[in-house]
Protein chains: 2
Amino acid sequence: MAEQAETLRRTPLSRDRVLRAAVTLADEAGIESLSMRNLAQDLGVVPMALYKHVANKDELLDGMIDMVVGEIDPPAPDTDWKRVTRERILSARKVLLRHPWAAIAIESRNEATPALLGHLNSMVGTLREGGFSTDLAHHVMHAMGSRMLGFSQELFDASRRAGRSGTTEPDPPAAFPAEAAAQFPHLAAIATAASHDDTSVVGQGCDDQFEFEFALDLLLDGIERLHQQGWTSSRPPR
Amino acid sequence: MAEQAETLRRTPLSRDRVLRAAVTLADEAGIESLSMRNLAQDLGVVPMALYKHVANKDELLDGMIDMVVGEIDPPAPDTDWKRVTRERILSARKVLLRHPWAAIAIESRNEATPALLGHLNSMVGTLREGGFSTDLAHHVMHAMGSRMLGFSQELFDASRRAGRSGTTEPDPPAAFPAEAAAQFPHLAAIATAASHDDTSVVGQGCDDQFEFEFALDLLLDGIERLHQQGWTSSRPPR
DNA sequence: ACCTGAACACCGTTCAAGT
DNA sequence: ACCTGAACACCGTTCAAGT
């Protein structure tokens with residue numbers, strides 16, 4: 001990273017170069033290491049020079065978010081709303097896993113950025129082309145953003161949040177301590193029952209991709225059922 | 001709040017009093033106003049006095065989270081897993097709406113706190129008592145924590161995040177500007193189609209509670225179906 | 001032994017002085 | 001006109017000096 005700064009020192013700053021460096025810094029060192037001062041140092045520049053390209057740190061974060069959202073695949077040219085939506089969501093997931101700081105950064109901002117609105121808009125477009133009423137499409141979009149537990153369980157993984165330490169080897173599996181197993185027997189049971197892995201381990205023992213697709217298909221199948229029934233909010237199923 | 005500090009100045013500090021004041025401060029002024037120094041001032045105490053009761057700010061946040069999790073209703077004495085789970089999730093939602101900073105705070109920590117583990121454990125317990133295999137219960141818990149869009153759409157509401165300004169009147173509805181409607185026609189369409197409200201407004205026009213229960217029932221109905229079919233991950237439905 | 005002021009190593013951002 | 005060093009108003013936390 002130091003050599004990179006060396007190479008680029010003389011090339012002029014630009015908003016794009018600032019944002020790109022910020023994303024790299026957050027990816028590699030963690031979002032808590034992203035300060036205007038650290039970022040300037042990475043770019044071989046005095047801190048105040050950044051303010052020529054971003055108004056302040058909030059705008060920097062917005063720009064970073066838009067850069068990440070731009071990595072999501074565009075909708076495939078396909079008429080099957082279910083397949084298109086599924087692939088789009090899985091693409092977004094891949095992007096968010098590449099940039100572990102991004103999901104929380106997006107949630108922490110209180111206005112959606114333009115790129116994010118564009119992404120959501122095209123997701124709704126896919127549903128509309130699939131024959132969804134605006135009414136049902138509306139509720140579906142909300143459902144996609146809901147978290148029943150109030151937080152995303154996937155995020156309980158230290159190795160994800162902290163910056164990658166250069167190497168890509170996974171963390172050593174954290175054992176489920178015996179005392180915790182006694183206190184939380186049900187959690188211990190489902191941790192060990194994870195059939196796709198054979199260890200008595202939480203977190204590391206779960207196949208996150210499997211779990212994600214499980215939830216995704218649960219939702220998509222339910223949505224498909226409502227869609228086929230011609231569901232409207234004025235005529236709810238229950 | 002100043003008078004409160006006055007009243008309590010002489011009563012000795014305790015971990016509980018520190019945590020309680022921290023939750024109040026975050027609720028009223030927003031999580032970004034929660035600094036060790038501000039908190040100490042609210043308590044009429046020198047900043048360093050806090051460190052007698054919490055090791056550092058991270059531990060303070062953990063304590064605040066546990067305090068909030070403690071507000072979630074215990075499971076009702078009922079044998080119907082679906083009703084119990086539904087009520088529990090709605091109770092958690094109410095708690096998280098009372099403490100707008102809490103959801104993001106929980107996601108930002110990378111280890112679950114003891115109270116949170118206890119809550120999750122009892123949720124799994126409800127499923128097990130309802131006849132769920134540990135396998136299915138495991139996947140269900142993951143599904144409950146999943147967010148298809150990578151972020152929770154509910155959180156795009158400035159009035160939620162920023163501290164309450166004393167008054168409880170809602171923010172004036174933010175209009176969906178014409179230029180945005182042209183750029184994001186599908187979003188504009190679903191915003192206006194929100195049948196439970198009659199305005200051309202995003203955010204304010206949505207009945208969040210309705211949307212939450214829509215998603216919740218979509219998931220619960222799908223889960224019930226899998227449960228009745230005796231679903232296991234070695235014999236998936238698709 | 002306990003408490004706490006000052007100090008340290010950071011922040012984001014303003015502003016005035018330099019070119 | 002542009003650039004930037006110093007300064008301001010904050011952080012969390014350490015540590016040594018006070019009682």
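Order of the sequence lines fixes the chain letters, A, B, ..., with proteins taken first and strands second; residue numbering starts at 1 for each chain. None of the values given here were measured: they were computed from a predicted structure.
Going from the C1' atom of dT13(D) to that of dT13(C) covers 23 Å, rounded to whole Å.
From Met67(B), atom CE reaches atom CD1 of Ile65(B) across 12.5 Å, with rounding to the nearest 0.5 Å.
In the region residues 58-66 of chain B, proximity to DNA chain D at under 4.0 angstrom, judged on heavy atoms, holds for none of the residues.
Contact annotation: Asn56(B) side-chain N/O to dT14(D) OP1/OP2 distance is not under 4.0 Å. Here Asn38(A) reaches the OP1 or OP2 of dC11(C): one of its side-chain N or O atoms lies under 4.0 Å away.
For the residue pair Glu213(A)/Gln209(A), the side-chain donor-acceptor check at 3.5 Å is satisfied. With 3.5 Å as the limit, one finds no donor-acceptor pair spanning the side chains of Asp62(B) and Thr113(B). For the residue pair His186(A) and Asn121(B), no side-chain donor N or O sits within less than 3.5 Å of a side-chain acceptor on the partner.
Look at CG on Leu34(B): it is 12 Å from C1' on dG12(D), rounded to the nearest Å. Rounded to a whole Å, the CD atom of Gln41(A) is 16 Å from the P atom of dT4(D).
When distances are taken from the side chain of Ser35(B) to each of dT4(D), dT4(C), dG12(D), the shortest belongs to dG12(D). The nucleotide whose nearest atom lies closest to any side-chain atom of Val46(B) is, among dG12(D), dC11(C), dG5(C), dG5(C).
In this structure, Met48(A) reaches the bases: a heavy-atom distance under 4.0 Å links it to at least one base atom across the strands shown.
Helical stems in DNA chain C, defined as runs of 3 or more consecutive Watson-Crick or G-U wobble pairs with donor-acceptor distances under 3.5 Å: C:4-8 with D:12-16, C:12-16 with D:4-8.
For Phe210(B) and His139(A), the ring centers are positioned less than 6.0 Å apart.
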